[in-house]
Amino acid sequence: MFDTSATEAKRPFWKLFISLLIVTFPSVVGSQQPEVSEVASKPLRVGGIVSLTGPAAGWGEMARFGWELAIEEANAAGGVTGRKVELMLEDSRTNPTGSVSAYKKLVSVDRVDATLGDVWDFLTSPLIALSRSSKVLLVSTIIDQSTHERSPYFFTTGPRIASAHDAVDRFFELNPELKTAAILSWDNDWGHAYERVWSEAAQKAGVTIVSVQRSLDMGTDWRAEVAKISVKRPDAVIFGYQADRILKRLRELGLHPKILTTSNVVEELKLKSVSEELSEGIYYTDWTPSDAFVTRFESRFKKAPMLNAVEGYEAARSLLKAFALDPNRPEVGMLKVIYPGESGRVDFSTGPNGNYSEAHLHVVKRGQGIRLH
């Protein structure tokens, strides 16, 4: 028979040895648990690159408010997997160079866990390649990302311009007398996307586009461009930006066409930079947030949400959902983010643009936008 007396005698020694090893060298045995606890106790740091100054400051403010509201609501509900969320802001100054500098500081110096991108495409586009090289999740509100450089770390909640088709079709249906139209387009991806929608809807309605004028100069007064289209005497003029300047030029030349523009005019109506006389009767397309969101936003910021406030809210909200789904690889978590958003479905399962909301047609009456469909 095997003699176990020696083994039994040694057993207390081995128990003591293991106990001493754990106490003396904690990094060798059971080292993972403190690391997990340490990470879980750290706040989730989100960097925001935003136009706090410059021409896009109004847009930047609204996006920032949206971010803040989403983060405040998440923290009030206990944070993300128990971690509180911190928002760290950097001003791009509405400048691509400033946007890149802000991103690099947040990622390399502040060591943020993820970033929220700026509001206009030419400000966020340079960050897309940086997100790929740094492997840091970037979520923005820029519109129509389809022509931008791809990165598995880049996503957007910007509305799809193509979703404005029904609203633009409705404009032509309500104005069947129109035979000709002229387009004043912003000469970038955003403007070109709108131009395609406008042109396709006009063709469908049997309306001839007699002139297309483009600009990408923030300081332009549109005098030359409006003068060129005035020769054609169009029944309708369609444009995307700077309504106050364009409407003024049309009136100076004695033109009173039907007007179709974009959600940009909402800012000018709120700020009263375009007069009630000039704005009366113009049409515009916009993505309308839910009443519940409007109430929460106005209660928190004492301002009505406009521009990309709701898209900023969904950008931060979807980013936080991605971390909850996959804390170690939030870019993978983003592909699982699907939920009913405040202006329509948010769904990143099919690609980097998760905004599936539909635009609506509005008309301005006595300085207020009225939704038509």
Side-chain angles (χ1 to χ4, degrees), residues 120-122 125 141-148 156-216 222 225-226 228-243 246-247 250 255 257-266 281-288 307-308 311 343-345 347 350-364 369 371-373:
W120 287 354
D121 58 3
F122 72 93
S125 293
T141 63
I142 62 172
I143 293 175
D144 194 54
Q145 96 302 331
S146 59
T147 59
H148 291 291
T156 176
T157 56
R160 299 164 185 261
I161 300 303
S163 74
H165 258 296
D166 288 348
V168 178
D169 286 343
R170 183 62 175 155
F171 166 76
F172 287 110
E173 291 170 3
L174 292 173
N175 299 282
E177 74 282 3
L178 301 178
K179 302 301 179 185
T180 61
I183 292 174
L184 299 170
S185 178
W186 207 243
D187 198 7
N188 62 0
D189 291 339
W190 175 84
H192 300 161
Y194 264 117
E195 194 176 312
R196 287 191 294 272
V197 171
W198 296 332
S199 298
E200 290 168 4
Q203 183 179 23
K204 179 180 176 181
V207 175
T208 302
I209 302 297
V210 295
S211 181
V212 178
Q213 301 295 320
R214 302 181 181 94
S215 177
L216 193 56
W222 294 96
E225 292 81 4
V226 172
K228 289 176 182 178
I229 69 171
S230 69
V231 177
K232 304 291 185 177
R233 311 298 293 186
D235 299 323
V237 173
I238 308 172
F239 57 87
Y241 191 41
Q242 298 177 326
I246 293 173
L247 291 172
L250 288 169
L255 295 177
K258 292 287 184 180
I259 299 293
L260 174 64
T261 185
T262 66
S263 56
N264 289 294
V265 76
V266 175
I282 70 173
Y283 295 83
Y284 67 92
T285 55
D286 194 12
W287 291 265
T288 309
L307 305 173
N308 57 350
E311 289 82 21
S343 63
R345 181 168 59 97
D347 184 350
T350 59
N353 189 334
N355 189 329
Y356 283 86
S357 59
E358 294 294 327
H360 303 280
L361 184 66
H362 299 71
V363 67
V364 179
R371 178 172 158 177
L372 297 177
H373 92 297

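A salt bridge (Lys or Arg N to Asp or Glu O under 4.0 Å) check over residues 197-206, counting only residues at least two apart or in different chains, returns the pairs Asp169-Lys204.
Residues Gly158 and Asn353 come closest through the heavy atom pair O-OD1, 3.3 Å. Residue Leu184 comes nearest to Trp198 through the heavy atom pair O-CZ3, 4.3 Å, listed as atom of the first residue, atom of the second, then distance. Closest heavy-atom contact between Glu311 and Thr157: O-OG1, 2.8 Å. The shortest heavy-atom contact between Ser357 and Ser343 is CB-O, 2.9 Å. Contact between Ala359 and Ala167 at its shortest, heavy atoms only, is O-CB, 4.0 Å. Closest non-hydrogen pair, Lys179 versus Asp235, comes out as N-OD2, 2.9 Å.
Below 30°, between 30° and 60°, or above 60°: for Trp120 and Phe122 the angle between ring planes is between 30° and 60°, a tilted geometry.
Taking CG of Asp189 as the reference point, atom CG of Asp121 lies at 5.5 Å (rounded to 0.5 Å). Note that the OG1 atom of Thr156 and the CD1 atom of Ile142 stand 5.5 Å from one another [nearest 0.5 Å]. Note: Phe239 CZ to Ile282 CD1 = 6.0 Å, rounded to the nearest 0.5 Å. Going from atom OG1 of Thr261 over to atom CD of Gln242 covers 10.5 Å, rounded to the nearest 0.5 Å. Taken from CG in Asn264 to OH in Tyr194, the straight-line distance is 7.0 Å, to the nearest 0.5 Å. Here the CG atom belonging to Asp187 is positioned 8.0 Å from the CD atom belonging to Glu195, to the nearest 0.5 angstrom.
Under the 3.5 Å distance criterion, with hydrogens and angles disregarded, a donor-acceptor pair is assigned to the side chains of Trp287 and Ser163. Looking only at atom types and distance, the side chain of Gln213 has a donor-acceptor partner in the side chain of Ser211 under 3.5 Å away.
At least one side-chain heavy atom of Leu216 sits less than 4.5 Å from a side-chain heavy atom of Trp186. Taking the side chain as every heavy atom from C-beta outward, Arg371 and Thr288 approach each other to under 4.5 Å. The closest side-chain heavy-atom distance from Phe171 to Lys258 is below 4.5 Å. At least one side-chain heavy atom of Ile259 sits less than 4.5 Å from a side-chain heavy atom of Leu250. Counting heavy atoms from C-beta on, the side chains of Leu255 and Val237 never come closer than 4.5 Å.
Considering only residues two or more places apart in sequence or on other chains, Glu358 meets the side chain to side chain donor-acceptor pair (under 3.5 Å) condition with none of them.
For Thr262 (side chain) and Gly240 (main-chain N/O), a donor-acceptor pair under 3.5 Å exists by modelled atom type.
Checked for salt-bridge contact, Lys228 and Glu225 miss the test: no charged N lies under 4.0 Å from a carboxylate O.
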